[in-house]
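The structure appears below as structure tokens.
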Amino acid sequence: MKALLPLFVMIGTLSSPLFAQKENMTEKSAVEIKPPVAAKRPHSATYHGVTLTDDYHWLKDQSYPTIDDAEILEHLKAENAYFEAQMAPQAALTETIFQEMKGRVKEDDSSVPQKDGDYIYWSEFEKGAQYRKHYRKPVAGGPSQLILDENELAKGKDYFRLGAAEVSRDGGILAYSYDDNGSERYRIKFKCLATGTDLDDQICNARAPWGDDAIEGTLGNIVFTTDGKSLLYGQVNENWRTDKIMIHRLGTPQSEDILLFHEKDDGFTVGIGLTAQDDWIVIATGDNVTSEVRLVPADNPSADPILVSPRKTGREYSVDVRDGMLYILTNDDHVNFRVATASLKAPGEWKTMIGGADDYYITGVSLFKNFFVVEAREQGLDQVDIHYYDDSERTTPISFPEASYSAGLGDNPEYDVTKLRLDYESMVTPDTVFDYTVGTGKFETLKVAEIPSGYDASQYQTERVMITARDGAKVPVSIVYKKGFKKDGSQPLHLYAYGAYGYAMPPGFSSTRLSYLDRGFAYAIAHIRGGDDLGYQWYLDGKLTKRTNTFNDFVDVARGLIQLGFTGKGKVTASGGSAGGELMGAVVNQAPELFGAVVSHVAFVDVLNTMLDKDLPLTPGEWPEWGNPITDNAAFDYIRSYSPYDNVAAKAYPPMLWTAGLNDPRVTYWEPAKMVAKLRAMKTDDNVLLLKTNMGAGHGGKSGRFERLRENAEEAAFLLWQMGMVKSGS
């Protein structure tokens, strides 16, 4: 149910947006090209009696979101050229690792088919294809039908990402959205599935006056009305905030769309979804800590919305509906959430069904006809529990085979089911799809992710250890390594974390990670505060006035793993993206001596300046997460004390690679650019410092599956190079 709330942040990916290498460059050319030096042009502003000076303020294009300042673009291109020159001698290594990673990908892969109404749906990759094809076939029998080919849509484009895709209730119309430049402003198009064409053919015209519909400037889910003649979508304003829910009548221009809901609070974002029985449309608005939900009938979206309960600062809740009864997941009286019920006639009168508990953190509730499923975490491990409407205390927990794992509900589109689709993986077990029969407890394995080049799970070992942080908190760490790994401090270890917005980092499987493990690395995920790995309080203990716990946890985990013999000082490599990139900036400022090399992706490192700029699209919605330094002197001082950009000092730093996306609306390109410029001017070492700006994509890097693998390979090559682990042709 929490999935119906708007998504406020995209977790930074592990892939780095790096361009292809120039293989004809030599070691000599890499040395001859000098790193770009950004000009210093002091810019000052005063807040709370403190004057801030920013020598690299000019790297922010003043016409943003248009980025056309020639000097800025030339500086970024110069950094890219320097990156290419420095990485050129590692081209053979990059290609070797890329081929390894590609060899672990089943090129002609397909998803597990799933029934939804009168059709069975699935998607496929063809061999060599960057993107998926989406298919369906009738349950009653008949040929398969290609309903959407992402490869065709992406043809001739440097970037393509499919957003939402939704089929009308009668199966006749497909609505889909896509972004082709990384700006995350999606365009919605329609397709008549009766003929496989756009909506301008005779068969679809017989149903409604279609025309070649297109809706611009959207973000989020697409929801059809019951009759399939209209749909609802979220519209993005000029500040890249989804503040409106619109009703679009198919066959009419976007200019005639009807405003259903307008969120006027600059810090809130609005999204939509459908309830379990597809009879109510959920309009959910909120920021990172507060939410508010309205319901409108799916067969009459123009009706007055039902407000479930007015927003209260610090209270989150989400809603689903079954036979006129509301099921509410909320943190109103316990930090780890409770499940409550209410009637549609009195939606604000909530009665506890499942109470909150200190050791049981409820993360989701999904309704089905004869039972409901509670997803939770206990001791940081995923739980999937089946409950029954007539007796909520009667519970069937689903058991999983390993001591550390990631598990949860998979694709379950239908309401009346006897089987649940589950996803499962661990750090040594590839992604596995099960069907679980409710009542008998029988598991049926439908698919285990195939590693074509070969994978023997028995050759790898995983552990979960607890590291004591400096304030006494016990931080869990998930570790995987190849058997034979020596815990004598002699081998390298890669440490990854995110630590923000209450997003847990699951101990899942990664085939790309094998390129590290097979070369002698251990790989560790630090479940630091700021995520909700150990419950919602774990998240609260890493935000606002407790934000530095996140950074301290990561540093203390690195030191703890060294003490346990998993690695040695200077043999830790680290990476993180977005808020995890902020983490990287903070930890290299705090304890640079621990790290042999660091990669920071699309890094949110200019925290103070960004939170002081209320005109940036996302800033007002971020104040509940970081604090508002404009109005709060204490928040200003605290953010200033840890903001990575503001705390760069004249000292030695480890080798570092920073990445950015020119079109990134979440973390603007100038944050990593400014950070690297300041580091170049102040650091006292001769270690490599690289910046790579993807000039044609946004927050998530490149979009094709093999392009992402190449970026992963480039990151691995950089880390191996800096750790002195490069062998000819390795």
Side-chain angles (χ1 to χ4, degrees), residues 14-38 59 73-98 492 494 515-516 519 570 573-575 577 581 584-585 588 592 595-603 605 648 652-662 669 672-696 701-702 707 709-730:
L14 283 173
S15 61
S16 54
L18 313 178
F19 285 4
Q21 313 307 309
K22 295 182 179 178
E23 295 189 13
N24 60 345
M25 302 192 83
T26 65
E27 185 79 41
K28 183 178 180 181
S29 65
V31 174
E32 288 178 347
I33 296 180
K34 295 182 179 180
V37 177
L59 284 170
L73 292 173
E74 284 304 311
H75 176 74
L76 297 178
K77 290 175 182 177
E79 287 282 8
N80 285 349
Y82 180 65
F83 166 82
E84 292 172 352
Q86 291 295 310
M87 286 295 293
Q90 312 310 322
L93 176 60
T94 300
E95 182 63 23
T96 296
I97 298 173
F98 171 68
H494 187 78
S515 290
Y516 293 90
R519 287 175 170 81
T573 63
S575 66
M584 293 300 101
V588 295
F595 304 101
V598 173
V599 179
S600 182
H601 303 296
V602 290
V605 284
V648 173
Y653 284 86
M656 292 181 286
L657 167 60
W658 297 76
T659 71
L662 190 67
Y669 73 88
K674 288 171 61 177
M675 184 75 177
V676 169
K678 192 170 185 179
L679 282 164
R680 285 206 201 287
M682 296 191 68
K683 72 189 188 81
T684 59
D685 59 85
D686 294 324
N687 290 326
V688 172
L689 174 61
L690 303 178
L691 169 67
K692 187 57 184 180
T693 302
N694 192 324
M695 308 298 279
K702 291 191 174 182
E707 290 301 317
L709 282 183
R710 186 167 292 280
E711 292 164 354
N712 280 327
E714 288 166 335
E715 174 183 345
F718 172 80
L719 293 175
L720 290 169
W721 167 35
Q722 295 306 316
M723 295 297 288
M725 300 174 67
V726 176
K727 297 179 182 179
S728 178
S730 64

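Just so we're clear, the structure is a prediction, and the values are computed from it rather than from any experiment.
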Just verifying a value: how many Å separate Lys34 NZ and Tyr82 OH, rounded to the nearest 0.5 Å? 11.0 Å
So, taking the atom named CG in Leu93 and the one named CD in Glu95, what distance separates them when rounded to the nearest 0.5 Å? 10.5 Å
For Tyr669 and Leu59, the nearest pair of non-hydrogen atoms, with its separation, is OH-O, 2.7 Å
Expected output: side-chain Thr684 to main-chain Ala652 donor-acceptor under 3.5 Å: yes
Nearest heavy atoms of Pro492 and Met723, plus distance in Å: CB-CE, 4.0 Å
Of all heavy-atom pairs linking Met725 and Arg519, the shortest is CE-O, 3.2 Å
Contacts of Lys683 that satisfy side-chain hydrogen bond (donor to acceptor under 3.5 Å, both in side chains) - sequence neighbours left out: Asp685
Gap separating the OH atom of Tyr516 from the CG atom of Asn712, nearest 0.5 angstrom: 7.0 Å
May I have the step-by-step check of side-chain contact (heavy atoms from CB on, under 4.5 Å) for Met695 and Leu73, ending in yes or no? CA-CA 9 Å; Met695 308 298 279; Leu73 292 173; 4.0 Å; yes
Contact between Thr573 and Gln722 at the side-chain level, heavy atoms closer than 4.5 Å - yes or no? no
Work out which heavy atom in Leu76 is nearest to a heavy atom in Ala673; give both atom names and the distance. CD2-CB, 4.1 Å
Could you tell me whether Lys692 and Glu714 have a side-chain N and a carboxylate O separated by less than 4.0 Å? no
Could you tell me which residues satisfy side-chain contact (heavy atoms from CB on, under 4.5 Å) with Ala78, sequence neighbours excluded, listed by chain and number? Pro36
Non-neighbouring partners of Phe595 that pass ring pair (Phe, Tyr, Trp, His ring centres under 6.0 Å), sequence neighbours left out: none
Answer yes or no: is there a side-chain heavy-atom contact under 4.5 Å between Met87 and Leu690? yes
Rounded to the nearest 0.5 Å, how far apart are OG of Ser600 and CG of Leu691? 10.5 Å
Heavy-atom closest pair (Val605 atom, Pro672 atom, distance to 0.1 Å) is CG2-N, 4.3 Å
Any chance you could measure Lys678, atom NZ, to Met682, atom CE, to the nearest 0.5 Å? 6.0 Å
Are His494 and Ser575 packed together at the side-chain level, in the sense that at least one heavy-atom pair is separated by less than 4.5 angstrom? yes
Please enumerate all residues that pass side-chain contact (heavy atoms from CB on, under 4.5 Å) together with Ala713, with sequence neighbours excluded. Thr94, Ile97, Phe98, Met101
Do side-chain atoms of Asn80 reach the backbone of Thr693 as a donor and acceptor pair under 3.5 angstrom? yes
4.5 Å side-chain heavy-atom contact, Met675 and Trp658: yes
Name the residue from Val688, Val599, Asn687, Val598 that meets the side chain to side chain contact (heavy atoms under 4.5 Å, CB included) definition with Met656. Val598
Under 3.5 Å, side chain of Arg680 to main-chain N/O of Leu689, donor-acceptor pair present? yes
